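Written out below as structure tokens is the structure these notes cover.
Note that the structure is predicted; figures quoted are calculated from it, not measured. Reminder, nothing fancy here: chain letters follow the sequence lines and each chain counts from 1.
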Amino acid sequence: MDRREFLKTGGLFLVGTPCVYGLMAMAAPRPHEAGATDARRWGMVIDLNRCPADCSACLEACRRENNVAVHGDRRWDIHWIRKVTIRKKHEADAPTRTLPLLCNHCDHPPCAQVCPVQATYKRADGIVIVDHHRCIGCRYCLIACPYNARYFNYRENDEWPNKAYPKRSHGVAESCNFCAHRLDQGRPPACVEACRDSGAGALKVGDLDDPDSEISRLIADNSVKRIREDLGTEPKVYYIGL
Amino acid sequence: MEIDYEPIAGRSTGYYLLLTALLVLVAAGVTATVLMIAYGIHLSGMTNRVPWGLQIVMAIFYIGLSAGSLVVSGLYGIFGKLEYKPFARIAAFLAMLFLIAGLLSIVTDQGRIDRVFVQPFAHFNATSMFSINPALYMGHIMICIFYMWALFKEKGRLTKVTSVTVVLWALCVHTGTGAIFAFTPRELYNTALLPPSFVAAALSSGAALMILVLVSLFRITRRHLDVALVIWLGRLLAVFIIVAMYVILIENAHRFYLIESREATSYYLFKGYHAVLFWGGLIVVGSVVPAVLLFRRRTGTSVPWIVFSSVLVVVGVLCERYLIVLPGLEHPPNLFPGMEIIASALDEGIVTYSISLLEILQALGVLSLIGFMFVLGLKYLPLLPTEARAHGQSQMLKDLIARATANAEAEPTSPAV
Ligand code: SF4
Ligand code: SF4
């Protein structure tokens with residue numbers, strides 16, 4: 001190979017490789033996209049009157065189902081769903097309330113708005129999801145989510161209980177995805193199923209656009225609240241008894 | 001006015017020692033980054049509650065420095081101020097290097113560095129400031145290179161046009177960088193004054209940097225630099241400081257006044273280490289003291305005092321950059337207005353970010369890399385003029401020269417540069 005040829009091949013290689021990668025990246029299909037249709041708009045209702053403060057069935061089911069990382073360190077542990085106890089400010093003897101918090105699958109999700117690679121996006125059925133094969137790990141979505149519902153894989157997850165669902169490499173962001181893979185198969189999310197099996201039945205998932213769905217009726221018949229509705233993010237998780 | 005440019009010889013032991021030292025630091029930074037790529041960025045001080053840290057602080061600090069030096073360089077082209085001509089090249093070169101430093105800090109901060117060079121281009125998101133900014137940065141670097149070429153070739157008209165473009169582009173770049181924070185729904189971030197205060201602080205840090213680089217370079221290479229020029233740059237710096245301080249004070253007064261953000265604002269203005277950084281670092285050390293020094297007749301015309309003020313300004317702006325990023329993360333979002341969270345598996349209250357050693361090495365590595373390029377540039381590019389003289393263009397400059405001379409006579413110890 002003479003010099004000219006070498007330079008030519010080298011140049012082609014230098015320019016070509018990123019282009020090929022770029023095209024491959026552009027053509028890569030979205031995960032869990034198959035079941036998404038705009039015929040449905042998934043939402044959740046959480047009835048706090050039926051949610052015992054000391055129950056953690058949903059949290060454990062979620063960890064088992066989605067291989068959510070626990071490192072035993074509060075700085076890096078990931079919680080797709082977590083329970084928090086709240087009470088009125090500056091009133092030590094005010095009654096407390098314990099409630100599950102998860103990604104609200106906002107209709108106007110700031111996390112997706114800021115994602116520089118569209119790794120975070122809203123599916124046709126309203127589920128906000130992260131494409132872990134595309135995320136560059138900039139953590140801008142953690143900054144933009146007003147609910148602390150986003151987490152980052154700061155370190156490798158050693159556990160992999162559910163081999164049917166992938167675990168994530170370190171360096172990518174994640175959050176609750178309403179168990180899109182289960183909803184697409186007609187099964188309820190792991191947390192909803194565990195809550196039902198525990199006998200509490202506080203978590204309900206369903207179609208917000210269908211006025212006859214169980215959750216639409218719950219929303220119509222009860223006084224419901226969403227978290228920080230004032231932000232205009234249009235959360236799709238509704239609380240009864242908050 | 002003809003100016004001769006002459007690169008430094010760069011054959012002394014000191015020169016090679018400096019290059020070696022910088023390379024060692026670069027290697028340390030590379031090692032730190034490789035470790036993070038291999039094991040994850042929990043090796044930094046960042047957490048799920050504080051997902052941005054030192055690298056982002058340094059990135060916006062560098063990008064600010066870049067803007068400032070560019071504006072100083074552009075002054076020559078825009079206003080035809082011949083006084084600045086000797087600095088135009090070196091300022092443009094520094095602006096380019098600091099922009100590279102900013103980009104490198106951001107790149108090394110990503111969780112999946114392997115994807116940074118492909119995904120953002122394949123899936124550009126027009127609503128993300130993190131997509132828009134890299135495009136602006138890239139353009140900025142290219143305009144800088146073109147501008148330097150125009151300066152090297154002494155293209156009069158072209159230089160003028162480019163320098164206007166460059167300054168306007170720099171303003172966009174810095175507004176965009178401020179918008180990374182301002183355009184998010186976070187209490188201490190989402191103020192429209194953030195981009196302007198970002199630009200204002202950028203200008204003062206850039207002018208301060210120019211003073212430091214020029215005075216030290218001309219002294220080390222034993223070239224003549226007229227005191228009047230340093231005084232003139234000091235004046236410019238003083239004006240920038242006042243503007244920056246004004247915007248920053250208004251910004252904070254506004255969010256302190258509004259009841260909804262008062263709690264968060266008073267947390268960072270009056271409690272903990274942020275208060276020390278804000279009042280001590282930014283306001284007193286970084287703004288008031290240098291402004292007074294620069295405006296006072298005696299200190300404002302003495303090179304050592306101007307240099308000292310510039311150091312203070314750089315420190316102050318670094319504090320300001322830290323305060324843009326961290327308090328807004330360390331202070332939690334208000335999930336339940338009127339309520340407090342008393343138990344959770346996540347840290348829901350105020351948390352503290354602590355910088356890790358590897359992050360410091362990463363930051364030093366980036367700084368050393370552009371230091372290395374700068375030192376090489378001095379040797380291989382015609383950046384440095386053989387001398388920088390103030391040609392009495394304006395009455396103000398003449399006054400300054402007269403005053404500086406009077407000072408030098410009154411105080412025989414005052415150093416000539
Ligand atoms: S709750 Fe947070 S992560 Fe979930 S959609 Fe809304 S902004 Fe995004
Ligand atoms: S961390 Fe990943 S998902 Fe989140 S904004 Fe960045 S690229 Fe998007």
Side chain / backbone / both / neither for [X] at chain B, heavy atoms under 4.5 Å:
X	result
P146(A)	both
L59(A)	neither
A173(A)	neither
H71(A)	neither
L231(A)	neither
T98(A)	neither
K83(A)	backbone

Next item on the list: Assign the ring pair F198(B) / H174(B) to parallel, tilted or perpendicular, where the plane angle (0 to 90°) is split at 30° and 60°.
Entry: parallel
Check: What class does the angle between the rings of Y268(B) and H274(B) fall in, given that below 30° is parallel, 30 to 60° is tilted and above 60° is perpendicular?
Finding: perpendicular
In terms of heavy-atom pairs under 4.5 Å with chain B, which of [options] leads?
options	answer
Y140(A), Y147(A), W76(A), F152(A)	Y140(A)
H79(A), R139(A), R75(A)	R139(A)
E91(A), K88(A), R228(A)	R228(A)
S169(A), G232(A), C135(A)	C135(A)

Next item on the list: Flag this pair as yes if the NZ/CZ of R87(A) is under 6.0 angstrom from the six-membered ring centre of F336(B) and inside a 45 degree cone about the axis; otherwise no.
Entry: no
Residue part contacting chain A, namely of [X], when any heavy atom lies under 4.5 Å:
X	value
L329(B)	side chain
E348(B)	side chain
M46(B)	both

Check: For P196(B) and A192(B), which heavy atoms make the closest approach, and how far apart are they?
Finding: CD-O, 3.3 Å
Next item on the list: Please report the shortest heavy-atom distance between A67(B) and A202(B), naming the atom on each side.
Entry: CB-CB, 4.2 Å
Next item on the list: Please name the residue in the list C106(A), P109(A), C145(A) that meets the side chain to side chain contact (heavy atoms under 4.5 Å, CB included) test with T233(A).
Entry: C106(A)
Next item on the list: Determine the sole option in Y137(B), F98(B), Y62(B) for which the side chain to side chain contact (heavy atoms under 4.5 Å, CB included) test with L103(B) is passed.
Entry: Y137(B)
Checklist line | Leading residue by heavy atom contact count with chain A [cutoff under 4.5 Å; candidates D347(B), T184(B), V50(B)] | finding: D347(B)
Next item on the list: Verify the distance criterion only: is there a donor paired with an acceptor across the side chains of S261(B) and E187(B) at less than 3.5 Å?
Entry: no
Check: How far does CZ of R115(B) sit from SG of C138(A), to the nearest 0.5 angstrom?
Finding: 12.0 Å
